[in-house]
Each structure stands twice: as C-alpha cells, then as structure tokens.
Amino acid sequence: MTRAVVLGGGLAGVLAATVLARHADEVVLVEGDRYPSGPRPRRGLPQSHHSHVLVAGGARALDALLPGTVDALLADGAHLRDLPGDALIYSTDGWFRRLHTGAHLISCTRGLLDQVVRRRALGGGDVEVWEDTRALGLSGDEVRVTGVSVSRQGSPPESVRADLVVDATGRRSRSPRWLAEIGAADIEEVSVATGLAYATRLYRAPGDLAATIPAIMLHPGTEKERPARGATLFPVEDGRWIVTLTGTRGGEPPTDEQGFAAFARSLRHPIVADLMAEATPLGVVRPYRDTVNRRRFFERARLPAGFAVVGDAAVAVNPIHSHGMSVAALGALRLREELARHGIGPSLFAGLQAALAEEAERSWRMAVEQDTQRAGQQAGRRAGGRVEERAGDRVAEQAGDRVAEQAGDRVAERAGDRVAERAGRDGAPRREPNAFEREIRTRLAQAKLSSPRLAAEFFGVQTLISAGTATDRSEIARVLTGRPEPLLTDEEAIGQYPALAAWRRTRLAAATG
C-alpha cells in the first residue's frame with residue numbers, strides 16, 4: 001500500500017495532493033494551521049490579504065486539474081477581464097488601446113480562490129487532511145526519505161511512513177535544513193532583491209461601478225530623481241475592489257489612511273485615487289515587504305529518493321508578477337504527467353525534481369530579469385545617470401522602450417498559455433500554428449528583447465489571437481513591426497470604457513459645479 005504525504009495545505013499543496021490521490025493508495029495533507037470556515041485569508045499565507053489574479057494559463061491549468069473550477073469561481077463572484085480589452089493600462093509611454101484577444105485574467109480574493117479549490121479538491125474524501133499539524137523533519141537518510149516527523153495539535157512528535165514526501169510549505173520551507181539533518185547534500189540557494197514594496201486595501205465599490213469597471217493598471221512611473229511608483233485596482237467578489245499601491249526603495253507606500261490616499265493621488269494619473277475617494281474603505285491598509293525572488297536549486301542536488309519540492313518552497317518570485325498561482329497549477333500538471341508515466345517508484349524519483357523545476361524556469365527568469373532592471377534603473381536615477389529601459393511586459397507590470405513594451409505587454413501576455421502548448425501530451429490534438437502565428441514567433445525570436453521572448457514561452461504562442469478580428473490581427477502586426485501610432489489622450493483612453501467614462505464626466509461636472 002503506497003502512501004504520499006504532502007506538507008503544506010496552500011494552493012500548491014492541495015493541487016499536488018489532488019494529483020497524488022489518483023496514484024497513491026493513501027494521501028495525507030499536512031496543514032500547519034486551521035482552514036478558515038469561509039472565503040477568508042488563511043493565516044499561513046502571508047500575502048493572502050493582497051491582490052491575486054489568475055492569468056489565462058493558470059486558469060486553464062486549474063480547470064485541467066479540477067474541471068469546472070473557473071466556472072465555480074465566476075459563479076461565486078470572481079471577475080473575468082480580457083487583456084487588454086477589459087483593462088485600462090497606463091504605461092510609461094501612454095495608454096493602451098482596447099484590443100480583444102481572448103487572453104484574460106480572473107480577479108478575486110485569495111480567500112475565495114482557495115476555498116473554491118479546497119472544496120472541489122478535498123470534498124470527495126480522497127485526501128486525508130491533518131490540520132493544526134506541524135512538520136518537524138524528514139525520516140530516512142541521504143539515499144531514501146521514508147517518511148516525516150509531525151506534531152499533531154501540539155501532541156508529542158510522531159513518525160509517519162511515506163513512499164513519497166512532497167514539500168509545499170512555501171517561502172518558509174525548512175527542507176534544506178531537514179535534508180542536512182539526514183545527511184543529504186546542501187541545497188544551493190539564490191536570492192535576488194527587488195527593491196519593491198506594496199500595500200493593499202479593500203473597498204466597497206459604488207453600485208454603478210462595482211461590476212462594470214475594467215481592471216486598472218498604472219505601471220510604475222519613472223519620473224527623474226524619484227522612485228518608481230504605481231497602482232492596480234481589480235474588482236473582486238461581493239461588490240468590492242482591491243487596490244494595491246507599489247513603490248521602489250525610498251518610495252514605499254504608506255500604511256496610514258491619509259498617507260495611502262495621498263500616495264495614490266501623487267501618481268502620474270489620478271484615476272485610482274479618484275475611484276478610491278468614491279468607494280468605502282474596508283479594513284486597514286496592509287503592507288507587504290517580502291518581495292525578494294528566492295530559488296532553491298533542489299534539482300541540482302543529489303536528492304534522496306522519495307522526496308520532492310513544489311511551489312514557492314523551491315521557486316518563489318516577487319508576488320507582484322502574478323506568477324505564483326499559475327506556476328503552482330502548471331507544476332501540478334507536470335506532476336500528473338510524471339506520475340502517469342512512471343507511477344510512484346524509482347523511475348519517478350530520478351527525474352521528478354528536474355521536471356518540476358522546468359515548469360518554474362520561465363517564471364524565474366522573467367521575474368529576475370525585470371526586478372534586476374528595476375533595481376538598476378533606480379540606482380541610475382539616484383546617481384543622476386541616464387538608464388535606458390530595455391524591455392517591459394505585462395507579466396512584470398513593467399514598461400520599457402516602445403517596441404519592447406508593446407511586444408511584451410500587448411503580444412506575449414496574450415499569447416495563450418503553457419497548457420495549450422502541451423495539449424498533445426495531455427491527450428488533446430495539438431493544433432499547428434497558422435501562418436500569422438508563425439510570423440509572430442519569428443519576429444519575437446529575431447527581436448533583441450529577452451523579456452518578450454520569455455513571456456511568449458511562458459504563455460505560449462500557438463493560441464495567439466486565433467479568434468481575433470481582422471482589426472486585432474492588423475494591430476498586433478503593427479506592434480510587432482514597431483510602427484508608431486498616435487498616443488491616446490486621457491479622455492480617449494477612459495472613453496474606451498463607457499461606464500467608467502460616464503462616472504468620470506459626472507464627477508468632473510459635480511466638481512466644477
């Protein structure tokens with residue numbers, strides 16, 4: 001009888017346990033805290049109060065693992081927004097035009113997403129959940145992990161036998177220490193600072209805008225001699241908005257009510273501040289500072305058989321990039337593939353960690369590149385030097401020069417997802433790219449812009465605008481060739497969203513009298 005033990009009951013752990021339940025006779029999920037009874041923040045997730053979006057790739061991966069989950073999220077109040085067709089985006093060079101491509105994001109609180117996933121993944125009883133249980137260490141030696149030591153609800157430690165132990169305990173993982181304690185090799189670790197901090201607050205939205213508002217993204221500005229600052233506003237369930245303000249070192253957003261509002265008002269455009277002023281604050285402003293990119297290279301070590309690491313416990317990127325949930329879902333899909341191919345046994349253990357690392361590689365490379373650029377640009381501004389911005393992409397909410405930004409933000413982000421790229425391996429027929437998509441791939445490959453190439457790899461190229469209109473296709477071709485276009489005025493940009501434009505006209509009329 002085979003048993004798998006998953007340490008950590010967050011999204012990565014729940015999805016891993018779901019996959020393992022189809023291959024092991026018994027699956028135990030060890031959660032250090034107690035799950036909340038409703039769609040509320042989980043105590044063991046430090047960033048649970050902040051903005052979370054699920055991009056198209058992650059949404060499709062989640063549905064591949066748990067069919068119907070996206071529909072369940074939307075039924076419970078989550079919002080789907082096309083990118084950039086339903087997103088008002090202000091980059092360093094100006095406003096984006098609306099363009100419907102089929103790529104999208106799903107916006108809701110993390111509490112709702114986790115509750116819906118847990119309900120669908122754990123409701124059938126295939127996974128035994130041990131709440132309020134601390135993982136204390138591994139059993140076994142440098143050759144083979146044979147189980148884990150735990151303390152259940154404060155009781156004395158006990159040993160739990162396992163054929164496979166999966167660490168999904170997130171950024172605070174103690175796996176390197178646990179491995180050292182049983183004589184395994186040291187784990188190489190790399191940290192890349194971001195210089196970025198953010199603060200978040202929930203609002204009760206005014207009724208006329210609660211559900212109709214687009215996603216709003218003010219990319220971090222690059223005013224001379226000033227730290228870069230930006231903001232996002234996303235609609236979430238129950239008629240609420242979640243507002244996150246971001247700032248680089250020296251420009252961190254305040255956490256007091258007046259300072260938070262003043263920071264929003266000081267941004268390059270007042271749209272987020274104006275909307276905040278019309279909404280009702282809910283709760284306090286919550287800061288988050290642990291935005292360091294951290295990677296533990298478990299795949300490079302000689303790991304004991306019977307042990308694997310998933311999610312943020314292995315690769316944790318700056319949360320502002322919105323990769324984490326998608327990478328967790330894609331990693332679970334890869335685990336499913338490896339289990340289908342090898343089962344739980346020696347042939348699985350030989351290459352499992354390398355396969356999981358491969359799924360996180362693109363996310364890591366994109367995040368590190370963007371955050372390194374941001375840090376360098378900040379240093380250049382402090383030194384009074386001129387720093388060229390080489391690239392920008394929506395994944396990082398970062399802007400660069402005109403061609404790089406648009407190629408990344410307006411093409412690669414809409415390029416579909418990694419799931420579709422692997423459709424043939426998952427049983428569905430693989431669709432060959434059409435001539436237009438092959439042209440896009442060629443142009444991205446020829447461009448001396450690494451961020452758009454990485455984004456295209458991460459989100460996939462095959463599904464790009466396959467259902468787009470002739471106008472959409474012409475516009476994307478224009479972006480790829482770098483031909484300039486007239487910039488939108490503030491009125492033109494906001495006017496693309498009738499409900500938002502009507503609200504703004506009413507507000508301006510009232511202000512003038």
Side-chain angles (χ1 to χ4, degrees), residues 10-12 45-55 57-58 105 107 110 170-173 189-200 217-222 227-232 234 242-253 286-297 310-331 357 359-379 389-400 405 408-409 412-413 450-451 454-455 457-459:
L11 183 66
L45 182 66
Q47 67 269 35
S48 59
H49 293 276
H50 299 276
S51 296
H52 285 81
V53 297
L54 191 65
V55 296
L105 61 80
S107 174
R110 181 62 187 265
R171 284 178 173 260
R172 300 172 179 175
S173 168
E189 182 171 333
V190 172
S191 295
V192 179
T194 71
L196 188 73
Y198 57 91
T200 299
M217 307 168 199
L218 305 181
H219 287 188
T222 55
R229 296 166 302 150
T232 60
F234 295 112
I242 190 165
V243 176
T244 295
L245 306 181
T246 60
T248 50
R249 192 170 289 112
E252 296 88 348
R286 296 182 179 273
Y288 193 75
R289 299 291 186 265
D290 186 13
T291 60
V292 173
N293 300 290
R294 294 189 182 92
R295 180 167 185 176
R296 298 182 175 102
F297 289 91
V310 299
D312 283 359
V315 181
V317 303
N318 182 354
I320 204 71
H321 298 313
S322 300
H323 295 186
M325 296 191 298
S326 293
V327 172
L330 291 166
E359 291 301 324
E361 177 67 20
R362 293 171 180 83
S363 169
W364 171 255
R365 291 165 62 197
M366 281 191 287
V368 167
E369 177 175 320
Q370 294 304 312
D371 288 338
T372 300
Q373 287 174 14
R374 182 186 294 114
Q377 291 152 11
Q378 280 297 104
E389 295 194 16
R390 301 187 287 112
D393 56 66
R394 166 69 189 92
V395 176
E397 293 195 6
Q398 165 98 356
E405 177 183 61
D409 282 346
E413 170 68 18
S450 56
S451 289
L454 288 172
E457 290 176 6
F458 183 70
F459 288 94

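One is the number of the first residue; the rest follow in order along the sequence.
The shortest side-chain heavy-atom distance between Arg289 and Glu252 falls under the 4.5 Å cut-off.
Listed by chain and number, the residues in a side-chain hydrogen bond (donor to acceptor under 3.5 Å, both in side chains) with Arg295 are Glu299, Glu361 (sequence neighbours excluded). Residues passing the side-chain contact (heavy atoms from CB on, under 4.5 Å) test with Arg286, sequence neighbours excluded: His49, His50, Val284. Judged as a side-chain hydrogen bond (donor to acceptor under 3.5 Å, both in side chains), and not counting sequence neighbours, the contacts of Thr244 are Ser51, Thr200. The side-chain contact (heavy atoms from CB on, under 4.5 Å) search around Val292 returns Ser191, Asp290, Arg294, not counting sequence neighbours. Residues satisfying the side-chain hydrogen bond (donor to acceptor under 3.5 Å, both in side chains) criterion with Arg110, sequence neighbours excluded, are His52, Asp114.
Taking every heavy atom of both residues into account, Val55 and Ser326 meet most closely at CG2-OG, 3.3 Å. When all heavy atoms of His323 and Ser363 are compared, the pair lying nearest together is ND1-OG, 2.7 Å. Minimum interatomic distance between Thr291 and Leu196 (heavy atoms only, all atoms of both residues): OG1-O, 2.7 Å. The heavy-atom pair separating Ser173 from Ala313 by the smallest distance is CB-CB, 3.6 Å. The shortest non-hydrogen separation linking Ala329 to Gly58 is CB-O, 4.1 Å. The shortest heavy-atom contact between Ala197 and Pro253 is O-CD, 3.8 Å.
Remark: Ile242 CD1 to Ser107 OG distance equals 7.5 Å, nearest 0.5 Å.
At least one donor-acceptor pair closer than 3.5 Å links the side chain of Asn293 to the backbone N or O of Asn318. Using a distance-only test at 3.5 Å, with no hydrogens or angles considered, no donor-acceptor pair links the side chain of Thr246 to the main chain of Tyr198. Using a distance-only test at 3.5 Å, with no hydrogens or angles considered, a donor-acceptor pair links the side chain of Arg171 to the main chain of Val317.
By the 30° and 60° cut-offs, the orientation of the rings of Phe297 relative to Trp364 is perpendicular.
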